[in-house]
Every structure is written in structure tokens, then in C-alpha cells.
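Here is the structure we will look at.
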Amino acid sequence: MSVSTKYNPREVEQKWFDSWMQRGFFSSKPNPKKEPYTIVIPPPNVTGVLHMGHMLNNTIQDVLIRRARMQGKEACWVPGTDHASIATEAKVVAMLKEKGIEKSDLTREEFLKHAWEWKEKYGGIILEQLKKLGASCDWDRTRFTMEEDMSAAVIEVFVDLYRKGKIYRGVRMVNWDPKGGTALSDEEVIPKDTMAKMYHLQYEVVGQEGQFITIATSRPETIMADVAVAVNPNDERYKQLHGQKVRIPLLGREIPIILDEYVSIDFGTGALKVTPAHDLNDYELGQKHKLPTIDILDDAGFLNEKAQLYVGQDRFAARRNIVKDLEEAGLLVKVEEYASVLQTSERTGAVIEPRLSMQWFCKMDDMAKPAKEAVMEDEIRLHPPKFKNMYRSWMENIRDWCISRQLWWGQQIPAYYLPDGSYVVATTAEEALRLARQQAGNEGLQASDLRQDEDVLDTWFSSWLWPISVFNGFKDPDNKDILYYYPTNDLVTAPEILFFWVARMIMAGYEFRNEPPFKNVYLTGIVRDAQGRKMSKQLGNSPDPLDLIDQYGADGVRTGMLFSSQAGNDLMFDEKLIEQGRNFSNKIWNAFRLIKGWEVDENLPCPNETAMKWYESRFNEAFVQIEDHFSKFRISDALLAVYKLVWDDFCSNYLEMIKPAYQQPIDARTLVTTIDFLEKNLKVLHPFMPFITEELWHELKERKEKEYLIVAAWPKKDKFDKNIIDQMEVVLKVVAAIRNVRNSKNIPNNKQLALSVKVMGQHDYEPFLPIISKLGNMSEISFVQENLEGAISFVEAGDEFFIPMDGNIDVEAERERLVKELEYTQGFLNSVAKKLSNERFVNGAPEAVISNERKKQADAEAKIKALEQSLASL
RNA sequence: GGGGUGUUAGCUCAGCUGGUUCAGAGCACCUGCCUUACAAGCAGGGGGUCACUGGUUCGAAUCCAGUACGCCCCA
């Protein structure tokens with residue numbers, strides 16, 4: 001046979017993927033005769049390219065969906081992307097800039113036209129990459145969060161929640177980029193460690209000339225926006241100042257001293273200036289104490305007329321100037337350096353200005369309640385469950401969700417402002433006009449009098465609807481798809497977005513369909529590099545997944561990723577793992593080559609009944625374990641169990657037992673049975689390694705048009721004979737001991753040895769003799785009553801085994817070895833005996849444990865007896 | 001600062017309900033093999049005070065408390 005000794009994935013993977021697509025194995029339609037099994041993909045960012053995190057995440061989804069498909073369920077995996085408003089808008093702005101176009105030169109419509117062009121051109125890349133991995137999504141169902149129906153759902157939901165009183169407008173502190181002229185999300189802000197200066201300033205106490213309180217601030221240019229000085233009520237130093245007022249330096253405006261335990265006594269001077277317009281903590285303090293806010297900065301970071309001083313100066317220039325002036329006035333006590341974190345803009349590098357602005361909010365407390373309970377009551381299960389705690393604490397301390405973004409790429413907020421500044425919320429401009437006329441009592445209002453809110457909605461405000469909207473559950477709430485596929489089964493995602501996304505989907509599920517969106521949430525870990533760093537583009541420490549697939553095959557990459565990926569635990573990525581995956585592919589390939597190469601001789605009797613009986617039981621035993629792992633979402637354990645079954649039990653043991661001598665034919669019964677075993681192995685391997693298994697499935701036999709492994713029936717749990725498994729375990733230990741003798745005595749494998757067995761225990765070796773003989777390469781096996789002289793001996797299961805050495809035996813070394821083993825066994829026996837002589841153990845422990853200990857005792861005693869006899873006969 | 005979570009072989013990690021599936025896997029390492037399916041392989045082997053201290057228990061890697069160190073989330 002001239003088949004390559006190396007499996008070459010490149011030749012087969014694309015072929016089978018195309019073939020599956022053509023035959024429609026991935027596509028799903030509601031089928032009342034079948035149980036649905038549904039996964040919605042966590043929609044990757046439309047600007048994204050495949051990274052290792054996606055690989056892990058989507059491999060797991062594919063494993064789950066392929067297994068379900070083979071189990072005969074109606075498996076539906078819905079793919080798609082989200083519009084990622086911030087990331088995409090940034091990409092489009094950058095692309096335009098390269099062409100010499102500024103966003104500010106464009107109208108909204110013009111900009112969106114460019115953005116859509118960009119999306120059409122680059123938006124599908126990541127999905128194409130997923131196909132290389134083998135992702136068996138129903139690709140005809142691919143959705144995008146900004147396509148027409150999905151956007152309509154978002155608008156409908158906004159209007160609905162607004163009318164239920166769950167959406168409102170309010171002031172909030174945002175990360176403002178004065179250079180870029182936009183608010184940024186927290187993710188776009190880069191903290192930089194720097195040395196900052198802490199200025200100690202003196203505020204004069206009103207009515208006590210010459211009395212000062214010293215505050216510490218890193219932003220002296222904002223003192224004109226101060227509305228109070230805060231101290232801790234327990235701070236003895238300031239007790240006499242409670243209820244007093246102080247004067248802002250230079251400006252002279254009077255502000256109160258307020259008391260709040262928020263102020264730490266030992267940081268700075270223990271006195272804090274309160275500037276609600278320019279600091280988040282101060283803002284909250286201001287709200288709590290009902291203080292006014294004075295905003296002294298404009299969009300570009302220059303001081304405005306409210307500052308009264310330094311008007312028109314840049315914030316940094318103003319800082320330099322005010323420090324100088326304060327110093328001259330003698331109000332600057334000292335300047336301290338301290339380590340601090342400077343927030344900067346990812347895009348412009350500008351120092352972020354915390355800025356108050358009017359934003360839209362979604363109320364969370366009502367919706368959070370059922371969402372919290374669903375998880376706490378295990379209606380929705382998190383895997384691993386350790387995330388329940390985190391989820392609960394988040395849901396209990398949830399804040400309202402800021403859903404507006406100062407961007408164009410996204411669903412524009414359906415709020416329309418009237419000339420008088422009031423507004424209406426409506427799904428269409430026409431409806432808005434009608435409402436506006438009603439609200440204003442002015443039938444003369446025209447569409448042109450209304451101005452739609454400029455902002456768009458947060459991308460999560462689209463994706464929280466994803467499990468419903470992919471099945472058109474808003475447009476058509478009783479359509480066949482949503483009724484059949486929803487609630488979906490399993491969601492596979494990263495813990496990082498447990499709050500951003502998962503929790504909100506759960507809320508949306510109950511709010512809009514009164515049902516959870518899914519039953520299980522599998523949380524993957526983060527893929528890190530060997531040094532434990534998160535893989536990122538900036539660090540350049542992430543291998544290109546497509547290169548890996550090219551090098552090792554998708555099957556190798558998939559298994560490599562899964563080998564070390566317990567749910568919820570980070571994965572230290574090492575290319576070695578992928579190599580191991582590839583090697584496993586190769587092992588399977590070669591097992592196939594061996595079987596494929598056999599000639600049949602119909603006249604031969606079958607000598608392998610014991611081996612076949614054993615492997616059948618072993619497979620069934622392992623299969624029960626595998627299913628158990630799957631049922632508990634222990635995907636990595638399931639893979640490892642399959643790996644060991646195939647590599648150790650099937651290849652290393654079973655195939656070696658039945659393998660005919662070189663160029664000898666095999667009997668028909670063994671061949672048929674072995675092919676059947678291989679097929680069963682391929683089935684349990686398929687979810688993990690879809691390509692090689694499909695390839696071998698077709699290489700093994702002629703198959704009918706739709707007789708593909710991808711839709712072959714998943715094995716069923718079946719009985720197994722534990723007795724033969726246990727006996728074989730002993731037999732394999734005997735074989736290992738024989739091989740160990742060869743190894744330690746430098747006896748070549750091709751030299752046959754004789755074996756004598758002195759049976760003292762209950763084991764029946766008779767049916768296994770051909771196996772021992774073959775695996776150990778024995779010339780003969782005999783049963784004896786007496787110890788053999790001049791032989792190496794070992795004890796297994798209380799029975800003694802002898803291999804004659806023609807007198808070439810190092811008696812002293814042998815004695816030493818036996819004594820060592822004897823001592824160990826005696827020690828072991830002592831510990832067991834001690835346990836059994838302990839009355840409280842015997843009374844307290846369950847019967848099974850005690851009888852087990854008794855068995856251990858008996859085994860050890862037998863072994864000691866055998867070892868002693870061996871020693872004696874040396 | 002608050003909460004969560006972890007520490008098991010040189011490395012990456014399993015170990016589920018406390019008790020022989022309890023100290024395990026893979027990689028790495030050592031020895032011997034190109035033995036006709038596979039050197040991307042085969043056979044064999046060495047290697048651990050289960051972070052530390054105490055407690056509960058007949059019995060603890062496993063449960064509890066504290067300590068040290070690490071990571072995550074929130075402030």
C-alpha cells in the first residue's frame with residue numbers, strides 16, 4: 001500500500017467542508033419530530049480577525065453542535081457578527097483619514113455610506129476564517145446586528161422600554177477626549193502610570209481671617225469649579241471647622257465645608273475639594289450633598305467664562321498659570337510628587353477629561369431581579385458554577401445602563417426634539433411628528449421642526465437581543481423558528497462579558513419573551529501565552545490561528561486547544577499542545593493504514609475472541625465516562641478520555657493483540673469486528689476532529705450519497721463486562737513486567753523468552769495466554785507448582801511469574817530488588833492493618849470501604865508470601 | 001479598600017460526594033529500540049512534605065479558620 005505514513009490535513013480539510021456544505025448538513029429547519037438543539041454564536045466584532053480566543057470558543061461550540069447532530073437532534077448553530085460601533089467607526093475614520101477625508105467634513109449619511117462599504121468589503125473575514133476551523137454553523141442563517149430587521153428590533157425595544165418607563169435621560173460622567181471631541185468607552189481609555197504632582201492649597205475660613213484649611217489636589221486649575229470642601233466627620237483636626245465656610249483662593253467665592261466618611265483621613269491632607277463637574281467621585285459626592293455643578297471647561301479642554309479666571313486658556317496652560325499665581329499669593333503650601341494613573345485616549349493620546357453630559361439610560365433593577373434568580377435557582381446553569389457568586393454580586397449592585405454613544409455607526413436613538421427642547425420617542429419620524437403635535441398642542445409642527453437625537457445606541461443594546469432577534473422574535477413573535485429554537489440550549493462565551501452581555505441577554509429574555517435565552521452558559525478561559533500574558537495584537541504574542549491550521553491541520557489545532565482547557569480556567573497556550581493534537585491525528589491515520597492494509601483469508605479461524613470481547617467492553621466503559629463528562633460540560637476531560645481510549649486501548653493494546661504477523665492475512669471475523677470498532681472510535685472522535693474522521697469514514701468503506709460521519713448515529717450506552725476489563729488489566733501489567741525484565745536485562749525484543757506462572761490467586765490466565773505470548777513475545781508459557789531456580793521473578797495479583805535466565809542472573813541485584821519490594825509491601829500492609837484494627841474506623845466507615853480494606857490486606861499478604869518464596873529460592 | 005478565586009511533578013493542568021480510579025495526565029527528562037501502521041513512533045523508567053500553620057474527623061490534596069503569595073471583578 002502506498003499511502004503516506006504521515007497524515008496530510010491540507011489535502012482533505014477543504015474537500016470535506018465543501019462537501020458538508022453542499023449536502024446541507026449544517027442547515028436546520030424546525031422539525032417537530034426531532035428535539036431542537038440550538039446555539040447562537042457570540043457574534044464576533046465585525047472588524048475582527050480570528051484570534052486564539054475565538055478558536056477555543058468556537059471549537060467548543062462546534063464540538064457541542066456536532067455531537068448533538070449525531071445524537072439525532074435538530075442541531076442549529078446560528079452565526080453572525082455585531083456592528084461594534086466604536087471599533088468600526090474608528091476603523092472607518094482612520095481609513096477616511098488616509099484618503100484625506102475628515103469625518104467632520106462629512107454628513108451623517110455620507111459617513112454611513114462609507115461605513116457600509118467598509119463593512120461589505122471586510123466584515124465577513126472572520127466568518128470565513130471560522131469555516132477553516134470547521135465550524136458547522138448554519139451559514140444560511142448568518143445575521144448582522146445592524147441589518148434592517150435587527151435594527152428595527154432594537155428601535156422597537158427602545159420605544160417599548162421607554163414607554164414602560166425603563167429608559168430615561170440623565171446626566172453622567174463620561175470619558176471625554178478633548179482632542180477627538182468625543183466620549184470614549186472605558187475600553188478605549190488607556191491608563192498610564194505616571195508621577196503626578198499633588199498641590200497643597202490654602203483655603204481661608206470665612207469670618208476667621210488668617211485661618212486656613214489646606215486641601216490637596218492634583219488639578220489646581222479646577223478650583224474655580226469647586227462647590228465645597230469635604231472632610232471626614234471623624235477627623236479630629238477639622239472638628240472646629242464643621243459648619244464653616246471657606247473662600248476659594250484667588251477667586252474668593254465662598255463654599256461650605258461638608259462632612260462625609262468617604263474622605264480618607266490619611267490621604268493628602270484629609271481635606272478634599274469637591275468639583276462635581278470634573279471628577280466622578282466628586283460628582284457623586286455633590287449629588288449626595290445636593291451641591292451645584294459648575295462646568296468650567298469647553299469641548300476642547302479650554303476654560304470657559306464660568307471659570308472667570310484664565311478664560312480661554314488650555315487646561316494645562318491654566319494649571320501652570322494658576323500654580324504660579326497661587327505661589328505668589330502665598331497660598332501654595334507645598335507640592336508633592338506621587339505615583340498616579342493617567343487616563344489617556346487610545347486614539348489621540350490626549351489626557352481624558354471626566355465630563356458630565358446628558359446620556360440615555362436603561363433602568364436595571366426591575367430587569368435584574370428575574371435575571372439574578374434564574375441563575376441563582378439554576379434555571380440557567382453557569383459552567384463552572386464558581387461564576388455564580390460573581391454574577392450575583394454584580395446583579396445585586398447593578399447600576400443603570402448608559403446606552404447612548406456619541407457616534408454615528410449604530411442605531412440612531414429614536415428620540416425627536418421639539419423646538420422647545422422637549423422630546424418624543426417613536427419608532428418612525430411620522431409617528432414622532434404625530435406625538436410631537438399632540439404633546440405641544442400645535443398641529444402646525446412640521447417634520448423639519450423636529451430634530452432626531454444625534455447619538456446611537458450602545459452595541460450591547462443590539463446584542464442583548466441576539467438570541468431572540470436572530471430568529472426574528474421581535475418582528476414576528478410567533479414565527480415557527482422562534483417557537484422551535486428558543487430558548488436556545490447552550491451559550492459558550494468568555495467570563496469577561498458575563499455582565500456586559502450574558503446578564504443582559506438573560507434580562508432581555510425574561511423581559512421580552514418571559515423565558516430564559518438559554519439553559520447553560522459555558523464560560524471559557526482566556527488564552528494566554530507561555531508567560532501568562534493575555535494574547536493581544538499590541539504585544540504581538542499571539543500566533544496567527546490560520547498559520548497554525550495550515551501547519552498542523554484544523555483537527556490538530558482543535559484538539560490542541562482543548563487538551564488543557566478546563567471550563568473557566570485560563571489556558572496557557574503552548575504550540576506543543578497543537579503538536580500533540582497533530583500527532584494524535586497521525587496516530588489515528590496510521591491505525592487506519594494498518595487495518596486497511598490487511599488481506600482477508602476467509603478460511604482462517606478467529607483467534608481473537610478474548611481481545612474483541614475486551615475492547616468492546618472497554619469501549620462501552622469509556623463511552624459511559626465520555627458521556628458523563630459531556631453532560632457536565634467537561635469537554636477537555638471528554639477529549640482526554642477519547643484520546644486515551646483510542647491511543648492506549650485501541651492502538652497500543654487492542655491492535656497489537658490482534659495484529660497478524662507481517663504479511664500474514666487476517667481472519668474475516670476479526671477484520672469486520674475491528675473495522676466496526678474503528679468506526680465507533682471515529683464517531684466519538686468526530687466532534688473533536690471532524691476532518692480526519694470524515695476522511696477515514698469514507699476511506700474505510702464505500703458510502704452512500706448521504707451516508708456521512710457528520711450525520712452518523714452517535715453510539716448508545718451499552719453494557720460492559722467489568723470482569724474482563726479487570727482481568728485484562730492484570731494481564732497488561734504482567735506484559736509490562738515482562739517488558740520491564742527485557743529492558744532492565746537488555747534483552748532484545750525479538751528474542752523470545754519463556755514464562756512460568758505459579759498461580760496462587762483466583763485469576764484465570766487461560767483465555768489470555770495467546771495475548772501474553774504475543775505482547776510479551778514468549779516462546780512458551782507453562783504453569784508450575786514450585787518456584788523456578790535461576791529465573792527472574794515478579795509478583796502480580798498475588799501470582800508469581802518466572803522468566804528463566806539460563807543462570808545469567810545477578811543474584812545480589814535480584815535479592816535487593818525483591819527485598820525493596822517486600823519492604824514496601826509490608827509497610828503498606830501495616831498501614832492497612834492499623835486501619836482495620838482501629839475500632840472506630842471499623843464502626844464508623846461504610847461497609848464498602850471496610851471490605852475494600854480487607855481486600856487490600858489479603859492482596860498484600862499474598863504478595864508478601866510470594867515475594868518471600870522468591871527470595872528463598874534465590 | 002470590598003468581594004471572588006487560586007496555589008498539586010521541572011512546565012501546563014486534572015483530581016467531582018473526605019476513604020485504591022489517590023497522589024494522576026500530557027509535555028519535558030533518563031534508558032533502550034529506525035521491531036514492516038506510526039521516530040509526528042514503540043517499550044520501559046525516574047520525579048511530588050498536594051503553599052504554610054492550626055482545627056474538624058477513625059481517616060484530609062479534598063471540609064473549616066488563619067497566614068503568605070498570585071490572578072480576576074468592583075471601587
Side-chain angles (χ1 to χ4, degrees), chain A residues 1 3-7 262 264 267 280-281 284 384 386-394 396-399 495-496 498-499 525-526 528 530 532 534 552-553 556 560 563-566 568-577 579-598 625 628-629 632 634 636-637 640-641 643-644 647-648 651-652 655-656 659 661-663 729 735-751 775-777 828 831-832 834-846 848-850 852-853 855-856 859:
Chain A
M1 192 173 69
V3 186
S4 162
T5 61
K6 304 258 190 291
Y7 169 63
Y262 160 79
S264 23
F267 186 77
L280 179 58
N281 296 320
E284 281 171 3
K386 67 178 180 183
F387 288 104
K388 276 168 84 174
N389 278 332
M390 219 201 282
Y391 179 88
R392 186 189 51 213
S393 80
W394 193 72
E396 282 171 354
N397 299 300
I398 195 162
R399 296 184 176 192
E496 306 159 355
L498 184 57
F499 312 140
I526 297 166
R528 298 177 180 278
K534 198 169 161 175
Y552 297 101
F563 274 133
S564 181
S565 62
Q566 299 299 318
N569 281 5
D570 289 359
L571 181 149
M572 300 295 166
F573 180 78
D574 187 339
E575 213 165 306
K576 281 269 178 217
L577 291 168
E579 207 179 300
Q580 197 187 339
R582 178 203 56 183
N583 294 354
F584 187 36
S585 301
N586 205 44
K587 187 73 190 176
I588 298 163
W589 173 250
N590 277 294
F592 158 75
R593 282 180 63 229
L594 175 69
I595 295 167
K596 185 76 178 174
W598 286 332
Q625 273 168 20
D628 183 53
H629 287 316
K632 291 165 183 160
R634 290 203 272 257
S636 190
D637 288 342
L640 207 61
Y643 181 85
K644 285 183 180 166
W647 197 308
D648 298 344
C651 294
S652 297
L655 288 179
E656 293 299 330
K659 188 161 109 179
Y662 180 53
Q663 287 188 332
E729 210 178 305
V735 170
I738 295 167
R739 287 167 171 171
N740 190 11
V741 168
R742 282 185 187 280
N743 242 300
S744 58
K745 301 292 165 207
N746 277 318
I747 302 166
N749 291 330
N750 55 13
K751 189 186 174 201
L775 299 190
N777 194 19
F828 179 76
S831 78
V832 175
K834 202 170 139 195
K835 235 188 251 184
L836 283 169
S837 63
N838 183 333
E839 226 172 280
R840 285 201 284 181
F841 170 73
V842 180
N843 293 335
V849 174
I850 295 170
N852 203 357
E853 292 296 316
K855 184 174 175 298
K856 277 155 69 175
D859 287 352

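Residue numbers start from 1 in every chain, and the chains themselves are labelled A, B, ... in the order their sequence lines are given, proteins ahead of strands. Any value given below was found using the heavy atoms of this structure, including those in side chains, with hydrogens, waters and symmetry copies removed. These numbers come from a predicted model, not from an experiment.
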- Message: Nearest to the side chain of A/His629, heavy atoms from C-beta on, is which of B/C27, B/U36, B/C16?
- Response: B/C16
- On a whole-Å scale, what distance lies between the C1' atoms belonging to B/U62 and B/A51? 15 Å
- Do any side-chain nitrogens or oxygens of A/Lys576 fall under 4.0 Å of OP1 or OP2 in B/A28? yes
- Between B/C38, B/G26, B/A43, which one does the side chain of A/Ser652 approach most closely? B/A43
- Query: Can you find a heavy atom in the side chain of A/Ile595 that is under 4.5 Å from one in the side chain of A/Trp598?
  - Reply: yes
- Note on the structure: d(A/Arg739 CZ, A/Asn777 CG) to nearest 0.5 Å is 10.0 Å
- Which atom of A/Val741 lies closest to which atom of A/Ile747, heavy atoms considered: O-CD1, 4.5 Å
- Which nucleotide in the set B/A40, B/C73, B/A43 lies at the smallest distance from any side-chain heavy atom of A/Phe499? B/C73
- Message: Go nucleotide by nucleotide along RNA chain B from the 5' end; which of A/Asn750 and A/Ala737 gets its closest nucleotide reached first?
- Response: A/Asn750
- B/G6 versus B/U67 - spacing of their C1' atoms, nearest Å: 15 Å
- Message: Is there a side-chain contact between A/Lys644 and the phosphate of B/A25, meaning an N or O under 4.0 Å from OP1 or OP2?
- Response: no
- Please determine if a side-chain N or O atom of A/Lys386 lies less than 4.0 Å away from the OP1 or OP2 oxygen of B/C72. no
- Message: Taking the minimum atom-to-atom distance to the side chain of A/Lys587, which one of B/G41, B/A39, B/C27 wins?
- Response: B/G41
- Message: Can you see if the side chain of A/Asn389 gets near the phosphate of B/U5 - specifically, an N or O under 4.0 Å from OP1 or OP2?
- Response: yes
- Please give, in whole Å, the distance from B/A28 P to A/Asp574 CG? 10 Å
- In whole angstroms, how far is the P atom of B/C73 from the CD atom of A/Glu496? 8 Å
- Task: Please tell me which of the listed nucleotides, B/C72, B/A75, B/C38, lies nearest to the side chain of A/Asn590?
- Result: B/C38
- Proximity to the side chain of A/Asn583 - top-ranked nucleotide from B/A40, B/C38, B/G32: B/A40
- Query: In whole Å, what is the span from the CG atom of A/Asn397 to the C1' atom of B/G3?
  - Reply: 9 Å
- Note on the structure: Output for pair (A/Lys644 NZ, A/Gln625 CD), nearest 0.5 Å, gives 9.0 Å
- Take the protein atom CG of A/Asp628 and the nucleotide atom P of B/U17, then report the distance between them rounded to whole Å. 12 Å
- Classify the nucleic acid contact of A/Tyr662 as base, sugar-phosphate or nothing, counting any heavy atom under 4.0 Å across all strands shown. base
- Note on the structure: Considering only heavy side-chain atoms of A/Asn586, the closest of B/A25, B/A43, B/C38 is B/C38
- Which of these nucleotides, B/G44, B/A40, B/C16, is closest to any side-chain atom of A/Ala736? B/G44
- Item | Pairing annotation in dot-bracket form, given for RNA chain B with Watson-Crick or G-U pairs under 3.5 Å and | for cross-strand partners | (((((((..((((.....[....)))).(((((.......))))).....(((((..]....)))))))))))).
- Task: Using a 4.0 Å heavy-atom cut-off across all strands, classify A/Arg739 as base, sugar-phosphate, or nothing.
- Result: sugar-phosphate
- Message: For the P atoms, the ones on B/U56 and on B/A65, what distance do you get once it is rounded to whole angstrom?
- Response: 15 Å
- Message: Rounding to an integer number of Å, can you tell me how far A/Glu575 CD sits from B/A28 C1'?
- Response: 16 Å
- Looking at NZ of A/Lys632 and CG of A/Asp637, how far apart are the two atoms once the value is rounded to the nearest 0.5 Å? 10.5 Å
- Task: Look up atom CG in A/Asn590 and atom OH in A/Tyr7, then write down how far apart they are to the nearest 0.5 Å.
- Result: 12.5 Å
- Examine B/C42: is either OP1 or OP2 under 4.0 Å from a nitrogen or oxygen in the side chain of A/Trp647? Give yes or no. yes
- When you measure from the side chain of A/Cys651, which nucleotide among B/A25, B/C16, B/A37 comes out closest? B/A37
- Smallest heavy-atom separation, A/Gly776 atom then A/Arg742 atom, equals O-NH2, 2.8 Å
- Message: Can you tell me how far apart CD (A/Glu656) and SG (A/Cys651) are? Round to the nearest 0.5 Å.
- Response: 9.0 Å
- Query: Looking at A/Arg742, does any N or O in its side chain come under 4.0 Å of the phosphate oxygens OP1/OP2 on B/U31?
  - Reply: no
- Task: Sticking with atom P, work out how far B/A40 lies from B/G24, rounded to a whole angstrom.
- Result: 30 Å
- Query: Taking only side-chain nitrogens and oxygens of A/Asn749, does any of them come within less than 4.0 Å of OP1 or OP2 of B/G32?
  - Reply: no
- Rounded to whole Å, the CZ-C1' distance (A/Phe573 to B/G26) equals 15 Å
- Query: What interatomic distance, in whole Å, is found between C1' of B/G66 and the corresponding atom of B/A23?
  - Reply: 26 Å
- Message: I want to verify a distance call: between B/C16, B/G44, B/A39, whose nearest atom is closest to the A/Lys6 side chain?
- Response: B/A39
- Tell me what A/Arg399 touches on the nucleic acid: a base, only sugar-phosphate, or nothing, going by heavy atoms under 4.0 Å. sugar-phosphate
- Message: Check the orientation of A/Phe563 and A/Tyr643. Use parallel for under 30°, tilted for 30 to 60°, and perpendicular for over 60°.
- Response: perpendicular
- Rounding to a whole Å, what distance do you find between A/Gln580:CD and B/A28:C1'? 12 Å
- Distance between the P atoms of B/A25 and B/G48, in whole angstroms? 15 Å
- State, with a plain yes or no, whether a side-chain heavy atom of A/Asn586 is found less than 4.5 Å away from one of A/Thr5. no
- Query: A/Asp637 near the nucleic acid: base, sugar-phosphate alone, or nothing, with a heavy-atom cut-off under 4.0 Å?
  - Reply: sugar-phosphate
- Gap separating the NZ atom of A/Lys587 from the OG atom of A/Ser652, nearest 0.5 angstrom: 5.0 Å
- Task: Could you check whether A/Glu656 gets within reach of a base, just the sugar-phosphate, or nothing at all, counting any heavy atom under 4.0 Å?
- Result: base
- Item | Euclidean distance for C1', B/A60 against B/G15 (whole angstrom) | 14 Å
- Taking the C1' atom of each, how far is B/A75 from B/U57, in whole Å? 41 Å
- Query: Base, sugar-phosphate, or nothing for A/Ser744, non-hydrogen atoms under 4.0 angstrom?
  - Reply: nothing
- Task: Mind calculating the distance between CG (A/Asn743) and P (B/C33) to the nearest angstrom?
- Result: 10 Å
